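Atom set for the values below is all heavy atoms of this structure, side chains included, hydrogens, waters and symmetry mates excluded. Quick caveat, the model's predicted, so the values are computed rather than measured.
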Amino acid sequence: MSECLPPVAILAGGLGTRMRPTTEWVPKVLLPVAGEPFLGHQLHLLAQRGVSDVVLCCGYLAEQIARYAGDGSDFGLHLHYSRDGASPLGTGGALRHALPMLGEEFFVLYGDSYLEVDLAEVYCAFVQSGLPALMTTLLNRSRWGANNVRMRGGLVTQYGCDSSPGMEYIDYGLSLFRAEVFASWPDDAAFPLTEVQSMLAAGKRMAAFEVSQRFYEIGSPSGLAETEAYLRSQPRRLRETTP
């Protein structure tokens, strides 16, 4: 199944406010980590996992991202760009805007996340669920941020930014969607992806796929330091090998 994985949308349009002042002149996805821009690590990993097509949803300093990543051939990928335009669209609006490039189903990955997960296994679970969305989750118990997911019977039954009693899981940072999920949202409107996910959870329309390995992220100074240490501990040939 890895030969027919759907495209991956990388949400890379944020301002990176928690990483200021560095992100005033460099987009967060291009922050140097373990000797190269973070986006390079993400793209190499996606290629290793069997992905062929990636859509970068860009906004802030998008031209720098395009200059660095180009058409994706240096990473063994076909890379496309969907730009917000004059005003930020938010994570949900950016995906709605990118639908013509993404097709009927697609992965969504945050631009500050490094996730060593078997994408083919996740996609298989998505297809078998028969649902229009799937969220990967991690038993967190407040180890890496606030818990924000409640699960039951293979479904995400509650999702929110604030932890509530009974929540022990966290959004791992990788999801799958069918395009129909965004069809009712107006194009070029700004809205967060979390709002879409919360509605799907409330309607029992989002499957849950539990992972066991922790995530790494560069959304905060402490997260960046942990990710730097982790990637430096990995053999470089493994980080950069592409199919």
Side-chain angles (χ1 to χ4, degrees), residues 1-11 41-57 72 75-80 91-92 95-96 98-111 113-140 144 148-159 168-183 193-194 196-217 234 238-239 241-243:
M1 185 168 289
S2 63
E3 295 181 357
C4 56
L5 290 176
V8 176
I10 298 181
L11 295 170
H41 294 288
Q42 280 191 315
L43 295 179
H44 284 303
L45 183 60
L46 289 174
Q48 290 171 20
R49 294 296 191 265
V51 171
S52 298
D53 293 278
V54 173
V55 176
L56 276 163
C57 298
F75 305 95
L77 297 166
H78 302 291
L79 196 55
H80 316 274
T91 48
L95 290 171
R96 174 67 178 84
L99 287 185
M101 297 182 182
L102 291 169
E104 290 303 311
E105 55 187 24
F106 49 90
F107 286 97
V108 175
L109 173 68
Y110 290 104
S113 298
Y114 189 82
L115 310 177
E116 293 184 319
V117 62
D118 187 329
L119 297 181
E121 187 178 2
V122 176
Y123 179 54
C124 183
F126 170 64
V127 172
Q128 292 178 349
S129 76
L131 295 171
L134 177 145
M135 176 185 289
T136 55
T137 63
L138 176 68
L139 183 61
N140 182 53
W144 299 293
N148 58 10
V149 176
R150 191 191 307 272
M151 293 166 36
R152 184 174 183 180
L155 298 174
V156 175
T157 58
Q158 184 181 357
Y159 178 70
E168 293 187 312
Y169 289 83
I170 193 170
D171 178 1
Y172 186 65
L174 177 75
S175 298
L176 273 152
F177 297 96
R178 290 194 58 80
E180 66 194 55
V181 167
F182 298 89
L193 178 58
T194 53
V196 179
Q197 291 169 310
S198 295
M199 293 176 62
L200 288 166
K204 298 182 179 180
R205 299 177 66 220
M206 184 159 58
F209 183 94
E210 184 177 353
V211 302
S212 57
Q213 65 270 49
R214 66 157 293 182
F215 58 84
Y216 289 89
E217 50 82 20
Q234 305 304 299
L238 294 180
R239 289 189 272 123
T241 301
T242 55

### Query
So do the side chains of L46 and L119 get within less than 4.5 Å of each other, counting heavy atoms only?
yes
### Query
Are V211 and L115 close enough, and set up right, to give a side-chain contact (heavy atoms from CB on, under 4.5 Å), and what steps lead you there?
CA-CA 10 Å; V211 302; L115 310 177; over 6 Å; no
### Task
Would you please classify the geometry between the H41 ring and the Y114 ring as parallel, tilted or perpendicular, with 30° and 60° separating the classes?
perpendicular
### Task
Just do the side-chain contact (heavy atoms from CB on, under 4.5 Å) check on Q197 and D171 with the steps written out, would you?
CA-CA 10 Å; Q197 291 169 310; D171 178 1; 4.3 Å; yes
#### Entry: E105 side chain near L176 side chain, heavy-atom distance below 4.5 Å
no
### Side-chain touch F106/L99, heavy atoms, less than 4.5 angstrom
yes
### Query
Mind checking whether L174 and V8 have side chains closer than 4.5 Å, heavy atoms only?
no
#### Entry: Minimum side-chain heavy-atom gap E116-R49 below 4.5 Å
yes
### Query
Which pair of non-hydrogen atoms, one from A207 and one from V156, has the smallest distance, and what is that distance?
O-CG2, 3.9 Å
### Task
For the pair L193 and F182, evaluate side-chain contact (heavy atoms from CB on, under 4.5 Å) and give the outcome as yes or no after the intermediate values.
CA-CA 10 Å; L193 178 58; F182 298 89; 3.9 Å; yes
### Task
Report yes or no: does S113 contribute a side-chain atom to a donor-acceptor pair with the main-chain N or O of E217 at less than 3.5 Å?
no
### Task
Over 60° means perpendicular and under 30° means parallel, so classify the ring planes of F107 and Y123, tilted if in between.
tilted
### Pairwise side-chain contact, R178 with F126, heavy-atom cut-off 4.5 Å (strictly under)
yes
### Query
Under the ring-ring contact (aromatic ring centres under 6.0 Å, His included) test, which residues partner Y172, sequence neighbours left out?
none
### Summary
Closest heavy-atom pair, T137 versus M151, reported as atoms and distance to 0.1 Å, is OG1-SD, 3.0 Å
### Query
Any side-chain heavy atom of I10 sitting closer than 4.5 Å to one from L43?
yes
### Task
Work out which heavy atom in V55 is nearest to a heavy atom in A98; give both atom names and the distance.
CG1-CB, 4.3 Å
### Task
Check whether any side-chain N or O of S175 sits under 3.5 Å from a backbone N or O of V108 as a donor-acceptor pair, and report yes or no.
no
#### Entry: Rounded distance (nearest 0.5 Å) linking atom CG of L77 with atom NE2 of H44
9.0 Å
### Message
Ignoring hydrogens, what is the shortest heavy-atom contact between A125 and L134? Give both atom names and the distance.
### Response
C-CD1, 4.0 Å
### Message
Minimum heavy-atom separation for L138 and R214, please, with both atom names.
### Response
CD2-CA, 4.0 Å
### Message
Nearest 0.5 angstrom please: R152 CZ to K204 NZ, how far?
### Response
7.5 Å
### Query
Which atoms form the tightest heavy-atom contact between T136 and G173, and what is the distance?
OG1-N, 4.1 Å
### Query
Is there side-chain contact between M135 and L200, with heavy atoms separated by less than 4.5 Å?
no
### Message
Just verifying a value: how many Å separate L109 CG and L11 CG, rounded to the nearest 0.5 Å?
### Response
8.0 Å
